[in-house]
**Student:** 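Mind looking over this structure? Questions follow.
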Amino acid sequence: QVQLVESGGGLVPAGGSLRLSCAASGSIFSINAMNWYRQAPGKQRELVAGITNGGSTNYADSVKGRFTISRDNAKNTVYLQMNSLKREDTAVYYCNADLIVPILVGTRRIDYWGQGTQVTVSS
């Protein structure tokens, strides 16, 4: 019954900023990593940023220096601060969580996906 709920998307002018949030809820034993992906019209889904439970981060080259991923483990929430937005950042942004969840007789590692939140950068 794990759910990922994204928020914070919207319409923003080029050069502006947005902060996306993704809250994981349900029966979660631990979080291995949380990631942000995006998919633009006619394009393949791509990894934007990720953060491990230990705090290691990685970013797509196209967003380095502009986007920052962070986490609040107590809230099972990951954030994506997006600054200096460009038109090419326009996409649906999806939260992804690599989770360890409890099962009847142990735990299981499962990937979960949010519904996506639209980010549109205008010019």
**Student:** Restricting to side-chain contact (heavy atoms from CB on, under 4.5 Å), what partner residues turn up for Ser30, sequence neighbours left out?
**Tutor:** Ile100

**Student:** Is there a donor-acceptor pair closer than 3.5 Å between any side-chain N or O of Arg66 and the backbone N or O of Ser84?
**Tutor:** yes

**Student:** Would you list the pairs meeting disulfide bond (SG atoms under 2.5 Å apart) in which at least one residue belongs to residues 3-100, sequence neighbours left out?
**Tutor:** Cys22-Cys95

**Student:** Taking side chain to side chain donor-acceptor pair (under 3.5 Å) as the test, write out the residues that go with Gln3, two or more places apart.
**Tutor:**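 Partners of Gln3 by the side chain to side chain donor-acceptor pair (under 3.5 Å) criterion come out as none, since no residue qualifies.
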
**Student:** Got a second to check how far Glu46's CD is from Gln39's CD, nearest 0.5 Å?
**Tutor:** 9.5 Å

**Student:** Just jot down the side chain to side chain donor-acceptor pair (under 3.5 Å) partners of Gln1, sequence neighbours excluded, or say none.
**Tutor:**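 Ser27.
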
**Student:** For residues 104-116, tabulate all N or O donor-acceptor pairs below 3.5 Å that involve a side-chain atom, not counting sequence neighbours.
**Tutor:**
from	atom 1	to	atom 2	distance (Å)
Arg109	NE	Asp98	OD1	2.9
Arg109	NE	Asp98	OD2	3.1
Arg109	NH2	Asp98	OD2	2.6

**Student:** Might you work through the side chain to side chain contact (heavy atoms under 4.5 Å, CB included) test for Ser7 and Thr117, ending with a clear yes or no?
**Tutor:** CA-CA 6 Å; Ser7 62; Thr117 184; over 6 Å; no

**Student:** Going by side-chain hydrogen bond (donor to acceptor under 3.5 Å, both in side chains), name the pairs with one or both residues in residues 47-63, residues two or more places apart or in two chains.
**Tutor:** Arg38-Ser62, Asp61-Lys64

**Student:** Enumerate the residue pairs fulfilling ring pair (Phe, Tyr, Trp, His ring centres under 6.0 Å) with a member in residues 82-104, sequence neighbours excluded, ordered by first and then second residue.
**Tutor:** none

**Student:** Got a sec, which residues hit side chain to side chain donor-acceptor pair (under 3.5 Å) with Asn96, two or more places apart in sequence or on another chain?
**Tutor:** Asn35

**Student:** Check the pair Thr77, Arg71 against side chain to side chain contact (heavy atoms under 4.5 Å, CB included), reporting the backbone distance first and the verdict last.
**Tutor:** CA-CA 6 Å; Thr77 299; Arg71 62 191 170 98; over 6 Å; no

**Student:** State which residues pass side-chain contact (heavy atoms from CB on, under 4.5 Å) with Ser70; sequence neighbours excluded, sorted by chain then number.
**Tutor:** Tyr79

**Student:** Using side chain to side chain donor-acceptor pair (under 3.5 Å) as the criterion, list what pairs up with Gln81, not counting sequence neighbours.
**Tutor:** Asn83

**Student:** Quick one: side-chain contact (heavy atoms from CB on, under 4.5 Å) partners of Val12, sequence neighbours excluded?
**Tutor:** Leu18, Leu85, Val121

**Student:** Checking side-chain hydrogen bond (donor to acceptor under 3.5 Å, both in side chains) for the pair Gln118/Thr120: CA distance, chi angles, key distance, verdict?
**Tutor:** CA-CA 6 Å; Gln118 177 71 47; Thr120 302; 3.3 Å; yes

**Student:** Run the side-chain contact (heavy atoms from CB on, under 4.5 Å) test against Ile28 and tell me which residues pass, sequence neighbours left out.
**Tutor:**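 Once residues adjacent in sequence are excluded, the partners of Ile28 under the side-chain contact (heavy atoms from CB on, under 4.5 Å) criterion are Val2, Ala24, Ile31, Asn76, Leu99.
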
**Student:** Tell me, do Thr68 and Leu80 make a side-chain contact under 4.5 Å, heavy atoms counted?
**Tutor:** no

**Student:** Side chain to side chain contact (heavy atoms under 4.5 Å, CB included), that's the test. Do Tyr37 and Val48 meet it? Break it down for me.
**Tutor:** CA-CA 5 Å; Tyr37 287 76; Val48 177; 5.6 Å; no

